[in-house]
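For the single chain, residues carry numbers from 1 onward in sequence order. We use all heavy atoms of the structure for the numbers below, so side chains are in, but hydrogens, waters and symmetry mates are not.
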Amino acid sequence: MKKSVQYGAALALVHLAACSPAAPDAPATASPTATAATPAADTRAVVVFGDSLFAGYNLPQDQGFAPALQRVLAGQGVKANVFNAGVSGDTSAAGLQRLAFTLDGQARKPDLVIVGLGANDMLRGLDPADTRRNLDAILAELKQREIPAMLTGMVAAPNMGADYARQFNSIYPDLARKYDLPLYPFFLDGVITDRTLLLADGIHPNAQGVAKIATRVGPLVAREFAPSR
């Protein structure tokens with residue numbers, strides 16, 4: 001309960017900051033629509049498909065989530081080429097619009113797509129039903145293409161109200177169950193409450209924060225590539 005209260009307080013601050021002109025999203029640090037280099041035959045092709053949290057907001061190109069995850073996977077014995085398909089400011093609707101173009105731009109069919117969208121929907125107060133439909137459509141497209149997927153979730157700021165939070169927070173576990181996907185429930189877990197792991201805007205992880213997230217997400221990704229699966 002104490003941890004939930006801490007997350008709630010932190011996310012309330014995030015909501016206020018994100019809705020302020022002082023904290024606009026910046027352009028992505030890497031082009032998500034550029035054609036990806038062809039991974040070696042023994043290398044897993046992973047696409048991280050999300051918003052500024054995936055894009056490496058205000059970080060050097062080698063410090064974003066994609067390269068950090070690639071390093072963690074390498075440390076666990078998984079050879080992977082992790083492609084950054086994060087775009088700052090993206091809502092779930094914007095992600096759905098660019099999904100096919102992003103997938104078609106890959107040198108080969110990905111072995112895994114990690115989907116992390118919805119935070120901007122929540123921060124803008126968009127209808128959770130629309131967010132659910134957009135994420136459902138993204139996962140349905142991945143399933144239709146026979147591309148394995150994984151979800152990273154977000155939590156609604158408490159000042160959005162209990163009814164909004166109930167509708168929004170249920171999206172990720174519901175869709176993970178529907179599509180039988182691995183779920184990392186809260187992407188900012190262990191980071192959003194620690195100012196030393198955040199940029200000055202108090203919203204986005206710094207390099208150390210991204211590295212911490214990658215160390216937590218990495219084992220879940222590596223499990224998808226385990227020989228027994």
**Student:** Sequence neighbours left out, what passes salt bridge (Lys or Arg N to Asp or Glu O under 4.0 Å) with D174? Give chain and number order.
**Tutor:** R132, R177
**Student:** Atom CZ in R44, atom CG in N81: separation rounded to 0.5 Å?
**Tutor:** 13.0 Å
**Student:** Is there a side-chain contact between I171 and Q167 (heavy atoms, below 4.5 Å)?
**Tutor:** no
**Student:** Can you give me the closest heavy-atom contact between F186 and M154, atom names plus distance?
**Tutor:** CE1-SD, 3.6 Å
**Student:** Which residues pass the side chain to side chain donor-acceptor pair (under 3.5 Å) test with D121, not counting sequence neighbours?
**Tutor:** S92, T131
**Student:** Are any non-hydrogen side-chain atoms of Q63 and V210 less than 4.5 angstrom apart?
**Tutor:** no
**Student:** Please report the shortest heavy-atom distance between P110 and V47, naming the atom on each side.
**Tutor:** CG-CG2, 3.8 Å
**Student:** Of all residues at least two apart in sequence or in a different chain, which pass the side-chain contact (heavy atoms from CB on, under 4.5 Å) check with Q97?
**Tutor:** none
**Student:** Suppose we screen for side chain to side chain donor-acceptor pair (under 3.5 Å). Which residues come up paired with D194, at least two apart in sequence or across chains?
**Tutor:** T196
**Student:** According to salt bridge (Lys or Arg N to Asp or Glu O under 4.0 Å), does anything in residues 77-89 pair up with another residue at least two apart or in another chain? List the pairs.
**Tutor:** D42-K79
**Student:** Taking all heavy atoms of I213 and all of P205, pick out the closest pair and write down the distance.
**Tutor:** CD1-CG, 3.9 Å
**Student:** Taking the side chain as every heavy atom from C-beta outward, state whether F65 and N84 have any pair of such atoms under 4.5 Å apart.
**Tutor:** no
**Student:** For I192 and G202, work out which heavy atoms get closest and say how close.
**Tutor:** CD1-O, 4.2 Å
**Student:** Return the minimal non-hydrogen interatomic distance between S88 and Y57, and the atom names on each side.
**Tutor:** OG-CD1, 4.1 Å
**Student:** Taking side chain to side chain donor-acceptor pair (under 3.5 Å) as the test, write out the residues that go with R166, two or more places apart.
**Tutor:** D163
**Student:** Between P182 and R223, is any pair of side-chain heavy atoms under 4.5 Å apart?
**Tutor:** no
**Student:** Which distance, rounded to the nearest 0.5 Å, do you find between the CZ of R216 and the CG of L188?
**Tutor:** 11.0 Å
**Student:** Rounded to the nearest 0.5 Å, what separates atom CG in D51 from atom NE2 in H204?
**Tutor:** 7.5 Å
**Student:** By side-chain contact (heavy atoms from CB on, under 4.5 Å), which residues pair with A74, not counting sequence neighbours?
**Tutor:** none
**Student:** Who passes side-chain contact (heavy atoms from CB on, under 4.5 Å) against A94, sequence neighbours left out?
**Tutor:** D90, T91
**Student:** Any non-hydrogen side-chain atom of F54 less than 4.5 Å from a side-chain atom of T152?
**Tutor:** yes
**Student:** Mind checking whether P185 and Y172 have side chains closer than 4.5 Å, heavy atoms only?
**Tutor:** no
**Student:** side-chain contact (heavy atoms from CB on, under 4.5 Å) with K143: which residues, sequence neighbours excluded?
**Tutor:** Y179
**Student:** Grouping I, L, V, M, F, W and Y whenever their side-chain heavy atoms are under 4.5 Å apart, do L126 and L99 come out in a common cluster?
**Tutor:** no
**Student:** Under 3.5 Å, sequence neighbours excluded: what are the donor-acceptor pairs made by side chains of residues 66-73?
**Tutor:**
| residue | atom | partner | partner atom | Å |
| --- | --- | --- | --- | --- |
| Q70 | OE1 | V82 | N | 2.8 |
| R71 | NH1 | D62 | O | 3.0 |
| R71 | NH2 | D62 | O | 3.0 |

**Student:** Might you point out which heavy atoms bring G190 and L197 nearest each other, and give the distance in Å?
**Tutor:** O-CD1, 3.7 Å
**Student:** Roughly how far apart are R133 CZ and I138 CD1, rounded to 0.5 Å?
**Tutor:** 13.5 Å
**Student:** List the steps and the verdict of side-chain contact (heavy atoms from CB on, under 4.5 Å) for I203 and L198.
**Tutor:** CA-CA 7 Å; I203 301 172; L198 299 172; over 6 Å; no
**Student:** What residues form a salt bridge (Lys or Arg N to Asp or Glu O under 4.0 Å) with R145, not counting sequence neighbours?
**Tutor:** D104, E141
**Student:** At what distance, to the nearest 0.5 angstrom, does CD1 of I147 lie from CG of L139?
**Tutor:** 11.5 Å
**Student:** Does the side chain of D111 come within less than 4.5 Å of V46's, by heavy atoms?
**Tutor:** no
**Student:** Do L112 and P148 have side-chain heavy atoms sitting under 4.5 Å apart?
**Tutor:** yes
**Student:** Measuring from atom CG of L96 to atom CZ of F49, what distance do you get when rounded to the nearest 0.5 angstrom?
**Tutor:** 8.0 Å
**Student:** Take the angle between the ring planes of Y184 and F187 and call it parallel below 30°, perpendicular above 60°, tilted in between.
**Tutor:** perpendicular
**Student:** Does D136 form a side-chain contact (heavy atoms from CB on, under 4.5 Å) with L175? I'd like the steps, not just the answer.
**Tutor:** CA-CA 7 Å; D136 196 334; L175 290 177; 4.0 Å; yes
**Student:** Sequence neighbours excluded, which residues qualify as side chain to side chain donor-acceptor pair (under 3.5 Å) partners of N206?
**Tutor:** none
